[in-house]
Amino acid sequence: MANTINDRLQKTLNGLNVDSRLSTWLWLLLKSQTSHAVPRKPEELKELVKLGELGSPGMRDRMADLIQNTQGSAEFIEENSALFLLPEKDLEWITSNRRQNRFIVRKLIEKYHYQSIMPPTNLTDRPLTIAMLDMWAIEINQKSWIINQIKFEWEQHSSSDHIFKWFDSSDIEQRLETAWEITKRKLPLLASQQNTPKEKDDFIILLDTQLITTPEKILLMESIKKRWSQNKYRAKLTEKKQYNFILSDKAINRLDRLADKYDLKRTEVLEILIQMEEEKGIYISERKALTKLT
């Protein structure tokens, strides 16, 4: 449970716990002029007062002054908080994750036709999502059903996030560059309006904004990984030079048997043998000694 702030605003609204969430809702309520946000606004609250910026010093005292000087406003606020604010336990699943909050807001607007508020610039992510829900003037049981439905949809949507685990690497910046190279080719309309993502979540958020199914995301990631492997292979080739040797059939058969035995490529077998001979210096000198004896 949030700690109670024992100040003038809390004492003015003694029947409520005026924590950060409720003070944000109250600020938006008092600032609002739209009928859909406050369906039963008393006549006394129609005139706006200068409350200052959200979270600014003295904001809570200014709101307390307004409530104390406006007849019936405390009762109105308590009534509306009971009508429209969901219990905190219903919202605990909403985290500070930027991607999750964008998903919720998009669902509210696109699927449930939520008429978005004009939030202050310092209200973002989870506090903004909660404020939007609190300001939504619909019947509370309906609101509860909708938020539970969105929770279910988010769990379904994020259940495939393991396919993006490949990005969890120290070279994530290079991996994102490769991912963007492939995404621009496969999703040109999406890529034309965006810059290269700098973080893993930025990339996933871009995919969330499109109607891309999980199988399509899997195919996209497979293409990205394939290009990454190709780039790595080409980079290794630049560190090597090609040589042509003529080997006897007997030597070729021996080379093939060693490659099969250790599940290596021919070139890998040769590199290992050359490296070990250079480090140990056993077999060539022994062979030369035997040749001299014969």
Side-chain angles (χ1 to χ4, degrees), residues 20-21 24 53-55 88 91-112 114 116-134 147-236 238:
S20 175
R21 172 190 172 189
T24 296
E53 296 298 322
L54 177 65
E88 189 64 40
L91 306 173
E92 288 176 348
W93 67 275
I94 302 176
T95 70
S96 58
N97 180 276
R98 181 163 51 96
R99 177 184 168 221
Q100 185 198 51
N101 282 277
R102 291 196 179 190
F103 177 89
I104 297 169
V105 171
R106 189 172 67 254
K107 286 291 180 180
L108 287 173
I109 295 173
E110 294 178 359
K111 188 172 182 179
Y112 299 102
Y114 179 89
S116 183
I117 62 174
M118 294 296 293
T121 56
N122 60 346
L123 191 62
T124 59
D125 298 331
R126 187 180 193 273
L128 173 60
T129 304
I130 302 301
M132 289 178 63
L133 290 169
D134 289 345
I147 200 61
N148 284 328
Q149 181 65 22
I150 294 177
K151 177 185 178 183
F152 173 76
E153 292 178 22
W154 167 251
E155 289 172 348
Q156 292 292 107
H157 181 77
S158 59
S159 64
S160 62
D161 282 0
H162 62 275
I163 66 177
F164 301 108
K165 189 173 178 58
W166 177 78
F167 287 108
D168 298 335
S169 175
S170 58
D171 52 5
I172 182 173
E173 186 174 344
Q174 291 77 23
R175 292 185 180 223
L176 284 169
E177 289 176 357
T178 301
W180 196 236
E181 176 189 348
I182 299 301
T183 304
K184 285 192 294 184
R185 180 165 57 82
K186 291 186 173 291
L187 302 170
L189 292 178
L190 168 66
S192 64
Q193 303 172 7
Q194 304 291 339
N195 296 320
T196 304
K198 299 300 182 183
E199 297 179 10
K200 171 185 172 181
D201 272 1
D202 292 336
F203 178 71
I204 305 176
I205 286 171
L206 288 175
L207 298 184
D208 285 345
T209 61
Q210 302 295 307
L211 296 177
I212 302 174
T213 64
T214 296
E216 288 171 335
K217 290 179 181 178
I218 292 173
L219 288 175
L220 177 64
M221 287 304 299
E222 287 177 351
S223 298
I224 292 168
K225 292 176 185 178
K226 182 177 180 181
R227 174 60 60 85
W228 176 263
S229 297
Q230 291 172 343
N231 291 346
K232 284 291 185 182
Y233 177 73
R234 289 167 185 159
K236 287 182 179 179
T238 60

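Computed from a predicted model, the values in this text were never measured in an experiment.
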Colleague: Rounded to the nearest 0.5 Å, what's the gap from CZ on R99 to CG on L206? Could you check?
Modeller: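 Answer rounded to 0.5 Å: 11.0 Å.
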
Colleague: Where does the angle between the aromatic ring planes of W154 and H157 fall among parallel (under 30°), tilted (30 to 60°) and perpendicular (over 60°)?
Modeller: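 Plane angle between 30° and 60°, so tilted.
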
Colleague: Among all residues two or more places apart in sequence or in another chain, which pass the side-chain contact (heavy atoms from CB on, under 4.5 Å) test with T95?
Modeller: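 Scan of T95 (side-chain contact (heavy atoms from CB on, under 4.5 Å), adjacent residues dropped) gives N97, Q100.
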
Colleague: CD1 of I172 to CD of E199: how many Å apart, nearest 0.5 Å?
Modeller: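 One gets 8.0 Å once the value is rounded to the nearest 0.5 Å.
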
Colleague: Look up atom NZ in K198 and atom CD in E177, then write down how far apart they are to the nearest 0.5 Å.
Modeller: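 Here the rounded value is 7.0 Å.
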
Colleague: If I take atom CZ from residue F164 and atom CG from residue D201, how far apart are they, to the nearest 0.5 angstrom?
Modeller: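 Output value for this atom pair is 10.0 Å.
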
Colleague: With sequence neighbours left out, write down each residue that passes side-chain contact (heavy atoms from CB on, under 4.5 Å) with S229, or none if nothing qualifies.
Modeller: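 Counting only residues at least two positions away or on another chain, S229 forms no side-chain contact (heavy atoms from CB on, under 4.5 Å).
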
Colleague: Does atom CD (Q230) have a neighbourhood of more than 12 heavy atoms from anything else shown, all under 6.0 Å?
Modeller: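 Yes, enclosed.
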
Colleague: How close do E153 and Y112 get, counting heavy atoms only, and between which atoms?
Modeller: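 In this case the closest contact between E153 and Y112 is OE2-OH, 4.0 Å.
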
Colleague: Minimum heavy-atom separation for W93 and I147, please, with both atom names.
Modeller: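 Distance-wise, the nearest heavy atoms are CZ2-O, 3.6 Å.
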
Colleague: Looking at every non-hydrogen atom in both residues, tell me the closest pair between D202 and P197 and how far apart they are.
Modeller: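 It is CB-CB, 3.8 Å.
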
Colleague: Taking side-chain contact (heavy atoms from CB on, under 4.5 Å) as the definition, give me every residue that meets it alongside R102, ordered by chain and number, with sequence neighbours left out.
Modeller: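 For R102, the residues satisfying side-chain contact (heavy atoms from CB on, under 4.5 Å) (neighbours in sequence not counted) are R98, I205.
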
Colleague: List the steps and the verdict of side chain to side chain contact (heavy atoms under 4.5 Å, CB included) for W228 and Q174.
Modeller: CA-CA 9 Å; W228 176 263; Q174 291 77 23; 3.8 Å; yes

Colleague: Residues in salt bridge (Lys or Arg N to Asp or Glu O under 4.0 Å) with R126, at least two apart?
Modeller: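 R126 satisfies salt bridge (Lys or Arg N to Asp or Glu O under 4.0 Å) with E88 once adjacent residues are dropped.
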
Colleague: Identify, with sequence neighbours excluded, every residue that meets side-chain contact (heavy atoms from CB on, under 4.5 Å) alongside L123.
Modeller: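 Checked L123 against side-chain contact (heavy atoms from CB on, under 4.5 Å); matches are T24, L28, L54, P119, P120, P127, L128, A131.
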
Colleague: Return a table of donor-acceptor pairs under 3.5 angstrom between the side chains of residues 216-226 and protein atoms on other chains or two or more places apart.
Modeller:
| from | atom 1 | to | atom 2 | distance (Å) |
| --- | --- | --- | --- | --- |
| E216 | OE1 | T213 | N | 2.9 |
| E216 | OE1 | T213 | OG1 | 3.3 |
| S223 | OG | L219 | O | 3.1 |

Colleague: When rounded to the nearest 0.5 angstrom, what distance separates CD1 in I212 from CG in L207?
Modeller: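 Going from the CD1 atom of I212 to the CG atom of L207 covers 4.5 Å.
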
Colleague: To the nearest 0.5 angstrom, please state how far the CD1 atom of I104 sits from the CG atom of L91.
Modeller: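 Going from CD1 on I104 over to CG on L91, the span is 9.0 Å.
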
Colleague: So does W166 get a backbone contact from the side chain of R175, meaning a donor-acceptor N/O pair under 3.5 Å?
Modeller: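 The answer is yes, because a donor-acceptor pair under 3.5 Å joins these two groups.
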
